[in-house]
There are 2 protein chains.
Amino acid sequence: MPDSNSSASILLIDDHPLLRKGVKQLIEMHPSMQVVAEACNAIEGVKLAQTIDPDLILLDLNMPNINGIETLKMLREEEVSSRIIVFTVSDNEEDVVAALKAGADGYLLKDMEPEDLLTSLEQAATGTVVISPRLATLLAQALQSNKSVDKVDLSSLTPREKQIIKLIANGMANKVIARKLSITEGTVKVHVKHLLKKLRLRSRVEVAVWAVQEGLN
Amino acid sequence: MPDSNSSASILLIDDHPLLRKGVKQLIEMHPSMQVVAEACNAIEGVKLAQTIDPDLILLDLNMPNINGIETLKMLREEEVSSRIIVFTVSDNEEDVVAALKAGADGYLLKDMEPEDLLTSLEQAATGTVVISPRLATLLAQALQSNKSVDKVDLSSLTPREKQIIKLIANGMANKVIARKLSITEGTVKVHVKHLLKKLRLRSRVEVAVWAVQEGLN
DNA sequence: GTCGGATTACCACTTTGGTGGTACTCCAAA
DNA sequence: TTTGGAGTACCACCAAAGTGGTAATCCGAC
């Protein structure tokens with residue numbers, strides 16, 4: 001749990017020790033970031049992610065047994081709040097789309113220039129979704145053919161959850177929502193927790209922004 | 001600081017003891033609200049508001065020495081976070097507009113039916129701006145002639161503050177904003193505190209909603 | 001009739017957000 | 001040259017948000 005000015009903590013998940021070493025050395029050259037842990041497979045990676053909750057996770061796609069996409073899904077299942085950046089050799093469209101659909105916060109190619117990698121990671125640490133430039137056009141096409149890459153289905157929400165989203169989008173605090181709905185604040189928190197998970201959002205602020213943009217106001 | 005299920009706390013500021021007594025009795029009949037303090041003038045009222053920080057303040061306009069509008073401004077000056085409902089006999093347009101401009105969260109007339117008053121107060125406690133129905137048309141006209149009733153001037157914000165508003169409107173946490181701007185989280189909090197005061201908003205969620213609606217995204 | 005989702009509640013706990021204060025630097029306006 | 005706003009930082013403190021778990025009720029589907 002790094003505080004504001006300490007460097008961004010990073011977990012590497014990759015089955016190639018040499019590559020991990022290289023990436024780690026590269027990152028360590030940069031004071032604003034720090035590799036705090038490494039894992040060579042999915043199980044270990046998920047475990048580490050849960051215990052240390054890093055700011056960023058750099059995740060390889062091609063791993064034995066459990067592949068990267070599966071690992072990504074596991075991390076999301078376990079509600080790891082880290083930003084997850086897929087880091088791989090594959091510029092295959094399906095992989096990119098699958099990764100982003102599974103909730104990746106970035107997709108970087110291993111053949112990037114080291115310097116570009118560093119700046120991309122820095123950006124990722126500040127909350128920006130980073131995609132290797134080479135994939136941009138590819139992704140644009142995918143978006144055209146399938147407009148629902150990042151669309152969450154509103155239908156997975158219960159009526160109560162939708163109701164609470166609207167109240168959040170009006171800027172209301174949990175306490176106020178509780179009073180309005182005649183339930184306890186604790187219960188409101190439960191609903192908020194559930195809808196955050198369903199919408200894959202990280203805070204009520206994101207919920208509010210999303211709802212307003214979606215016109216749910 | 002009532003918790004979710006406890007009743008909404010109310011402070012009465014009115015120079016008529018009898019009226020206070022009546023209102024108090026009326027409110028006490030309602031389990032979801034509770035009068036926690038009373039004041040007969042502005043000074044006392046502001047002091048009480050600061051110390052007990054009630055959910056609602058019912059404020060009379062016609063008081064000796066310092067009138068209600070002044071009191072209202074003082075309360076806003078002192079950054080009292082309570083919802084302030086003006087409660088008066090005056091259905092004068094100027095008073096209504098002045099009160100709302102000064103930041104009132106509601107404007108109710110003393111000749112309301114007791115039952116209507118209760119429901120209005122309940123609504124106010126849930127964050128709704130309540131206006132006596134009789135004043136609705138009057139207010140609509142005022143809005144037509146002067147579109148800036150609730151408009152805050154963006155120009156009072158410093159460049160840094162505007163920048164941070166945009167980041168908040170992207171759902172970012174203080175920690176992430178700090179990293180992006182290369183300043184400490186504490187400093188981000190300072191800016192947030194200041195812009196909340198300037199915009200007369202109560203939380204970053206309200207800032208985000210406001211900014212998105214304003215197209216500052 | 002059982003199973004599971006939805007709703008509610010309560011608990012303890014950690015993290016994030018917001019307040020209040022002081023204090024330093026920089027820079028421009030008075 | 002002094003003054004004041006803007007930006008930064010640090011501090012302690014309290015309030016709000018979010019997590020993780022258990023558990024009860026209700027209701028509809030299988």
Side-chain angles (χ1 to χ4, degrees), chain A residues 1-6 9 49-55 77-82 127 155-164 167-168 171-179 181-208, chain B residues 1-6 9 50-55 77-82 127 155-165 167-168 171-179 181-208:
Chain A
M1 273 120 284
D3 93 55
S4 54
N5 258 359
S6 74
S9 55
Q50 285 177 308
T51 54
I52 64 185
D53 190 28
D55 293 313
E77 276 292 303
E78 301 300 326
E79 300 165 51
V80 168
S81 66
S82 316
S155 59
S156 69
L157 296 169
T158 68
R160 201 52 149 178
E161 285 163 356
K162 288 182 204 164
Q163 191 177 18
I164 288 181
L167 299 179
I168 289 178
M172 293 187 186
N174 289 335
K175 201 199 299 188
V176 178
I177 295 175
R179 235 181 246 135
L181 301 182
S182 303
I183 58 182
T184 65
E185 184 179 355
T187 302
V188 177
K189 287 185 179 183
V190 172
H191 291 306
V192 172
K193 180 170 41 172
H194 292 158
L195 66 87
L196 281 176
K197 199 199 302 191
K198 286 183 185 173
L199 299 177
R200 292 227 329 278
L201 298 175
R202 290 172 175 81
S203 72
R204 70 195 296 103
V205 183
E206 293 191 359
V207 172
Chain B
M1 273 119 282
D3 93 54
S4 54
N5 258 359
S6 74
S9 55
Q50 286 177 307
T51 54
I52 64 183
D53 189 30
D55 293 313
E77 276 291 303
E78 301 298 326
E79 302 166 48
V80 168
S81 66
S82 316
S155 58
S156 69
L157 296 169
T158 68
R160 201 51 150 179
E161 285 163 356
K162 288 182 203 161
Q163 190 178 18
I164 288 181
I165 287 177
L167 300 179
I168 289 178
M172 294 186 185
N174 288 336
K175 202 197 301 187
V176 178
I177 295 175
R179 234 180 248 133
L181 301 181
S182 303
I183 57 181
T184 66
E185 183 179 356
T187 302
V188 177
K189 286 185 179 183
V190 172
H191 290 306
V192 171
K193 180 171 39 171
H194 292 158
L195 66 86
L196 281 176
K197 198 201 300 192
K198 287 183 185 173
L199 299 176
R200 292 227 329 277
L201 297 176
R202 292 172 175 79
S203 71
R204 69 195 297 103
V205 183
E206 292 190 359
V207 172

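Scope of the values below: all heavy atoms of this structure, side chains included, with no hydrogens, waters or symmetry mates. Convention: sequence-line order gives letters A, B, ...; per-chain numbering from 1. From a predicted model like this one, the values you see are computed outputs, not experimental measurements.
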For this session: Just compare C/dT8, C/dT16, D/dA9 and give me whichever is closest to any side-chain atom of B/T187.
Result: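 Selected nucleotide (nearest to the side chain): D/dA9.
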Exercise. Considering only D/dG7, D/dC10, C/dT7, which nucleotide approaches the side chain of B/T184 most closely?
Worked result: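 Nucleotide nearest to B/T184's side chain: D/dC10.
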Can you measure [X] atom [atom1] to [N] atom [atom2] for me and round it to whole angstrom units?
X	N	atom1	atom2	result
B/I164	C/dG18	CD1	P	12 Å
A/R160	D/dC27	CZ	C1'	16 Å
B/E161	D/dG7	CD	C1'	10 Å
A/L201	D/dA17	CG	P	16 Å
B/E185	D/dC13	CD	C1'	15 Å
A/L181	C/dT8	CG	P	8 Å
B/Q50	C/dG20	CD	C1'	13 Å
B/H194	D/dA9	NE2	C1'	13 Å

Exercise. Is there a side-chain polar atom (N or O) of B/H191 under 4.0 Å from OP1 or OP2 of D/dT8?
Worked result: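 Checking D/dT8 against B/H191, a side-chain N or O does come within under 4.0 Å of OP1 or OP2.
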The criterion is side-chain contact (heavy atoms from CB on, under 4.5 Å); which residues satisfy it with [X], sequence neighbours excluded?
X	answer
B/T187	B/I183, B/T184, B/H191
B/S82	B/D53, B/P54, B/I57, B/V80
B/V190	B/H194
B/L167	B/M172, B/I177, B/K180, B/L181

[X] and [Y]: which non-hydrogen atoms are nearest, and at how many Å?
X	Y	result
A/E206	A/R202	OE1-N, 3.0 Å
A/A208	B/V205	CB-CG1, 3.7 Å
A/R204	A/L196	N-CD2, 4.3 Å

Which pairs, protein N/O on one side and nucleotides 28-30 of chain C N/O on the other, fall under 3.5 Å?
none

Please list, for nucleotides 18-20 of chain D, all pairs of protein and nucleotide N/O atoms separated by less than 3.5 Å.
| from | atom 1 | to | atom 2 | distance (Å) |
| --- | --- | --- | --- | --- |
| D/dG18 | OP1 | A/R204 | N | 2.7 |
| D/dG18 | OP2 | A/R204 | NH1 | 2.9 |
| D/dG18 | N7 | A/K189 | NZ | 3.1 |
| D/dG18 | O6 | A/K189 | NZ | 3.1 |
| D/dG20 | OP2 | A/E79 | OE1 | 3.1 |
| D/dG20 | N7 | A/K193 | NZ | 2.7 |

Dump every N/O contact between nucleotides 22-25 of chain D and the protein below 3.5 Å, one line per pair.
none

Exercise. Just how large is the angle between the end axes of the helix from C/dG1-D/dC30 to C/dA30-D/dT1, five pairs per end, to 10 degrees?
Worked result: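 Comparing the first five pairs with the last five, the axes sit 40° apart.
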For this session: List for me each residue that meets salt bridge (Lys or Arg N to Asp or Glu O under 4.0 Å) alongside B/E161, sequence neighbours excluded, and say none if there are none.
Result: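 Result, salt bridge (Lys or Arg N to Asp or Glu O under 4.0 Å) vs B/E161: B/K198.
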Exercise. Partners of B/K197 by salt bridge (Lys or Arg N to Asp or Glu O under 4.0 Å), sequence neighbours excluded?
Worked result: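 Here the qualifying residues are B/E79.
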Exercise. Mind checking whether B/V207 and B/I164 have side chains closer than 4.5 Å, heavy atoms only?
Worked result: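 They are not in side-chain contact.
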